There are 2 protein chains.
Amino acid sequence: MRAEARPRDRAATRLRLLDAARALFAEYGYERVTVRMIASAADANIALVGRYFGSKAGLFGEVLRDEPTIRVVLEGDRAGLPRRLAEFAARRMHADPKSRILRALAHSADDPEIQELVRERLRTAIITPLAEFLGDDPDAMARARTAAALLTGITRVRRALGPEPPTPADVDRLTAMFTVCLDISGHEP
Amino acid sequence: MRAEARPRDRAATRLRLLDAARALFAEYGYERVTVRMIASAADANIALVGRYFGSKAGLFGEVLRDEPTIRVVLEGDRAGLPRRLAEFAARRMHADPKSRILRALAHSADDPEIQELVRERLRTAIITPLAEFLGDDPDAMARARTAAALLTGITRVRRALGPEPPTPADVDRLTAMFTVCLDISGHEP
DNA sequence: AACACTAGTAAACAGGCGTATACTTCCATG
DNA sequence: CATGGAAGTATACGCCTGTTTACTAGTGTT
């Protein structure tokens with residue numbers, strides 16, 4: 001029962017699918033999003049995903065292609081780059097304010113049990129011990145969280161781009177990053 | 001046709017399943033590993049996964065429970081912690097099939113086509129432009145790669161632990177980390 | 001030796017997935 | 001107005017998933 005008929009518009013429907021896919025992929029990742037969820041969120045028929053994008057992977061590829069790069073962050077002076085990057089990253093810590101209510105998510109095949117296991121593991125294995133180690137630092141949790149982000153991010157990038165043996169310079173660089181992250185003043189020679 | 005019969009041993013079979021699951025989950029992540037893969041790798045029957053661990057998730061939970069935490073890295077003096085963490089992270093950059101470190105926390109369980117899309121995206125969207133920005137730095141690629149790791153890791157942790165609004169201190173900390181990562185000397189006031 | 005218990009097995013089940021097909025409905029154009 | 005093609009739909013297909021059931025076959029105990 002549709003309250004109001006929508007004019008037939010291939011381009012508009014395509015765009016709705018693209019927008020829905022972008023939001024869902026960004027929030028849940030490729031595998032947890034089904035084409036039925038996308039179609040439902042876009043209020044379009046399932047078959048149109050195949051028709052307009054060939055396949056789920058094709059749609060994903062198009063979403064990726066449209067996503068902005070960090071080139072806009074790079075615009076500006078060199079000295080200010082770290083802060084711009086930090087703000088760029090910080091923006092990602094926010095919850096998306098324009099999150100829509102998605103009907104399909106109610107029946108989604110999401111596995112909350114695993115989500116909880118991973119979450120608990122991340123806490124007990126890395127963040128909490130690290131925070132405890134930091135002791136009375138009021139920002140201990142936030143620091144530990146960021147350190148965990150660097151640790152897991154390294155693994156993720158390595159997995160995506162392939163293994164690359166770390167050089168001594170890499171280790172030095174990571175050391176410096178962890179130093180400032182955890183606010184530990186190393187005894188520099 | 002089994003060449004040699006194995007003695008019936010519940011505990012041993014359970015352990016074989018656990019070991020197989022650990023290796024597979026570490027390599028491919030939870031979602032891309034099927035119970036049939038685990039059973040096959042352990043040379044055990046599929047039904048035994050359910051019998052001994054309740055479910056695939058139960059088996060995953062048991063694997064997580066057995067994995068070491070970073071507490072061993074924390075053992076030692078505070079000043080040396082950043083370096084120990086760096087070396088811990090660097091170890092993850094190696095292709096280490098025997099590693100007991102569970103990498104499922106940072107996995108991206110994707111079929112090869114998606115893997116390639118993500119990989120290409122990571123390159124063209126973040127790493128390459130960042131490396132080009134850094135110019136003649138011989139370590140430009142390595143630096144960009146590490147910066148990308150921090151960026152993606154933040155997203156990943158946020159996804160696992162839930163969104164948390166960044167504080168000014170967070171942004172400052174990230175700024176400092178990007179500064180040392182990219183070897184950019186900011187103009188501190 | 002016979003029994004009871006249990007490790008191990010094979011097969012089926014129900015459901016979700018991405019994808020493809022046959023169909024209906026709309027609209028621009030003759 | 002008629003009509004052809006495109007937009008959108010409903011549904012089925014084949015596959016693979018985790019899980020469960022009914023069964024077989026070893027094995028320690030009496």
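Here the structure is a predicted model, which means the values were calculated and not measured. Throughout, a chain's letter reflects where its sequence line sits, starting with A, and its residues are numbered from 1.
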**Asked** Side chains of Arg32(A) and Glu31(B): closer than 4.5 Å at any heavy-atom pair?
**Response**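 Heavy-atom side-chain distance check passes, below 4.5 Å.
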**Message:** Can you see whether Asp172(B) engages Thr175(B) through a side-chain donor-acceptor pair at a distance of less than 3.5 angstrom?
**Reply:**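 Judged by distance alone, the side chains do not pair up.
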**Prompt:** With nearest nucleotides of DNA chain C determined for Arg10(B) and Asn45(A) from heavy-atom distances, which residue corresponds to the more 5′ nucleotide?
**Reply:**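 So the residue in question is Arg10(B).
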**Message:** On DNA chain D, compare the nucleotides closest to Gly54(B) and Ala47(A); which residue's is nearer the 5' end?
**Reply:**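 Taking each residue's closest nucleotide, the earlier one in sequence belongs to Ala47(A).
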**Prompt:** Contact class for Tyr52(A) vs. all strands (heavy atom < 4.0 Å): base, sugar-phosphate, or nothing?
**Reply:**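 Result for Tyr52(A) = sugar-phosphate.
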**Request:** Apply salt bridge (Lys or Arg N to Asp or Glu O under 4.0 Å) to Arg119(B) and list each qualifying residue two or more places apart in sequence or on a separate chain.
**Result:**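 Listed in chain order: Glu116(B).
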**Asked** Aromatic rings Phe25(A) and Tyr30(A): how do their planes relate, parallel, tilted or perpendicular, breaks at 30° and 60°?
**Response**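 If you compare the ring of Phe25(A) with that of Tyr30(A), the planes turn out parallel.
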**Item:** side chain to side chain donor-acceptor pair (under 3.5 Å) contacts in which one or both residues fall within residues 125-143 of chain A, not counting sequence neighbours
**Value:**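 Found Asp137(A)-Arg143(A).
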**Asked** Does Arg14(B) have any side chain to side chain donor-acceptor pair (under 3.5 Å) partners at least two apart in sequence or in another chain, and if so, which?
**Response**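 Per chain and number, Arg14(B) pairs via side chain to side chain donor-acceptor pair (under 3.5 Å) with Glu62(B).
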**Asked** Within the pair Thr13(A) and dG8(D), is there a side-chain N or O less than 4.0 Å away from OP1 or OP2?
**Response**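 The answer is yes; a side-chain N or O of Thr13(A) sits under 4.0 Å from OP1 or OP2.
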**Request:** Find the bend of the helix from dA1(C)-dT30(D) to dG30(C)-dC1(D) as the angle between its two terminal axes (five pairs each), to the nearest 10°.
**Result:**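 Terminal axis comparison yields 10°.
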What nitrogen or oxygen pairs link the protein and nucleotides 23-30 of chain D at under 3.5 Å?
| from | atom 1 | to | atom 2 | distance (Å) |
| --- | --- | --- | --- | --- |
| dA25(D) | N3 | Arg8(B) | NH2 | 3.1 |

**Prompt:** Who passes ring pair (Phe, Tyr, Trp, His ring centres under 6.0 Å) against Phe178(A), sequence neighbours left out?
**Reply:**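 With neighbours one apart ignored, the set is empty.
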**Arg84(A)/Glu75(A) salt bridge by N-O under 4.0 Å criterion** =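 So Glu75(A) does not pair with Arg84(A) through a salt bridge.
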